[in-house]
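Fair warning: this is a prediction, and the values are worked out from it, not measured in the lab.
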Amino acid sequence: MNVTEVYRETTANAGGNQSIGTLGISETLNKTLNIFSITILFITMISLGCTMEISKIKGHLLRPKGVVIALLAQFGIMPLTAFCLTRLLQLGPIKALTVLICGCCPGGTLSNIFSLAINGDMNLSIVMTTCSCVAALAMMPLLLYIFSRGTNQLEAAVPYGGIMSTLALTLVPCAVGILINHHKPNYATLVKKVGLSILVISTVIMSILSGFAVKDVLWMIFMPDVLTVAALMPLIGFTLGYVMSYLCRLNPQCCRTICMETGCQNIQLCVVILKVAFPMKVIGPMFLFPLVYITMQCAEALLLTLCYRCYQTFKSPAEGKSHSCQSVFAE
């Protein structure tokens, strides 16, 4: 049973009154959305690669304590949170699978921006984003397999082939960005600026086209259960990411970094997976879930940043800057 058959059975059991399966979307519009999705992902990954320095990556890999803890937080806390929320709110198969895919995604580039805003360890943030993207090639299908087992109609609906091919494609533009920054560092800044402009324009165009494509059922993405998941997932990720790194005795700077890395998902990757791996008539408006998620994610990250800035203002800094994520307690 593939994902389309799972959807048909679900809607049949529900009385067949769901309108997602009857979306009248032209093949041209569908291909256009696919092109914009992949374009946004490629630009994002090239820009990410242009922020990476091979020497700094080597430094963190040689002293990997912070990276290991961050990876455990990213691929432990977020998938488990997504799974628990789908069961707690009793989401249907398509909604549950969408939330699980989002929860199993690696860290995104927004985490680097917010880590900078809260004076985090930028080397750790960039290395963590890189490592999580590479690790996702194996971890994401594995986690989806684990969490979908035993869930009615969900296990057969996971498009492993489409997910793995999409993940593999992300490594190519990221490698291109790293090579540009390593061999032509003067061009890296220009690539990032041009990439950001194209990214903003492409995102706006894709949002408009996506809204037009699912305009008849767009209201379904603003259902209470979907909004609840979108609000709770990043908040839980931020909170448990900090708690986990604190319990592992990392210094405050690294705790803040892992907090942001855990709660910020690679939304561009999630959009591409949902758009490319699923037929539009199956996924319907749920492929817009990452856009709702990123809105909540940014709002909560900005609130945490504001709280940290207020804390800095009213309390003199008592912690020194650290260049590595080692234990704050002497051995």
Side-chain angles (χ1 to χ4, degrees), residues 34-64 66-67 70-71 74 105-140 164-206 253-254 257-258 260-261 264-273 276 294 298 301 321-325:
N34 285 344
I35 291 172
F36 272 109
S37 299
I38 295 173
T39 299
I40 290 173
L41 179 63
F42 266 59
I43 292 173
T44 301
M45 297 309 295
I46 290 176
S47 300
L48 173 61
C50 286
T51 65
M52 301 175 191
E53 296 180 23
I54 295 178
S55 60
K56 292 180 180 179
I57 293 175
K58 287 181 179 178
H60 269 288
L61 293 179
L62 292 175
R63 305 183 72 179
V67 175
L71 281 171
Q74 178 71 60
C105 278
T109 52
L110 277 176
S111 62
N112 306 140
I113 298 173
F114 287 119
S115 293
L116 178 63
I118 60 173
N119 294 332
D121 187 326
M122 290 308 298
N123 291 335
L124 173 64
S125 179
I126 293 171
V127 171
M128 177 54 213
T129 304
T130 310
C131 291
S132 65
C133 287
V134 175
L137 191 60
M139 291 300 298
M140 195 171 177
M164 293 190 70
S165 60
T166 304
L167 288 169
L169 286 174
T170 63
L171 300 181
V172 176
C174 187
V176 170
I178 293 175
L179 291 175
I180 291 174
N181 195 33
H182 183 69
H183 295 289
K184 300 287 184 180
N186 293 334
Y187 291 100
T189 303
L190 177 62
V191 170
K192 286 185 287 185
K193 288 182 179 179
V194 173
L196 179 61
S197 300
I198 297 175
L199 178 62
V200 171
I201 295 172
S202 300
T203 302
V204 171
I205 294 175
M206 182 181 171
Q253 188 181 27
C254 293
T257 305
I258 294 175
M260 287 299 169
E261 287 293 333
C264 290
Q265 304 298 91
N266 191 328
I267 297 304
Q268 294 86 355
L269 174 61
C270 186
V271 170
V272 173
I273 289 175
V276 175
I294 197 173
C298 289
K321 289 189 176 181
S322 175
H323 297 289
S324 63
C325 283

State whether the side chain of Gln265 and the backbone N or O of Gly107 hold a donor-acceptor pair below 3.5 Å, judged by distance alone.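 Not confirmed, Gln265 side chain does not pair with Gly107 backbone.
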Report the distance from atom [atom1] of [X] to atom [atom2] of [Y], rounding to the nearest 0.5 Å.
X: Ile46; Y: Asn181; atom1: CD1; atom2: CG; value: 13.0 Å
X: Cys298; Y: Ile294; atom1: SG; atom2: CD1; value: 5.0 Å
X: His183; Y: Leu179; atom1: NE2; atom2: CG; value: 5.0 Å

Can you name the nearest heavy-atom pair linking [X] to [Y], along with the distance?
X: Met260; Y: Ser115; value: CB-OG, 3.7 Å
X: Ser125; Y: Ser111; value: OG-O, 3.8 Å
X: Asn119; Y: Gln253; value: O-CG, 3.3 Å
X: Ala135; Y: Leu71; value: CB-CD2, 4.4 Å
X: Phe114; Y: Cys264; value: CD1-SG, 4.2 Å

What's the verdict on side chain to side chain contact (heavy atoms under 4.5 Å, CB included) for Ile258 and Leu124, showing C-alpha distance, side-chain angles and the deciding distance? CA-CA 8 Å; Ile258 294 175; Leu124 173 64; 4.2 Å; yes
Between Gln74 and Ser132, is the side-chain hydrogen bond (donor to acceptor under 3.5 Å, both in side chains) condition met? List the steps. CA-CA 8 Å; Gln74 178 71 60; Ser132 65; 5.2 Å; no
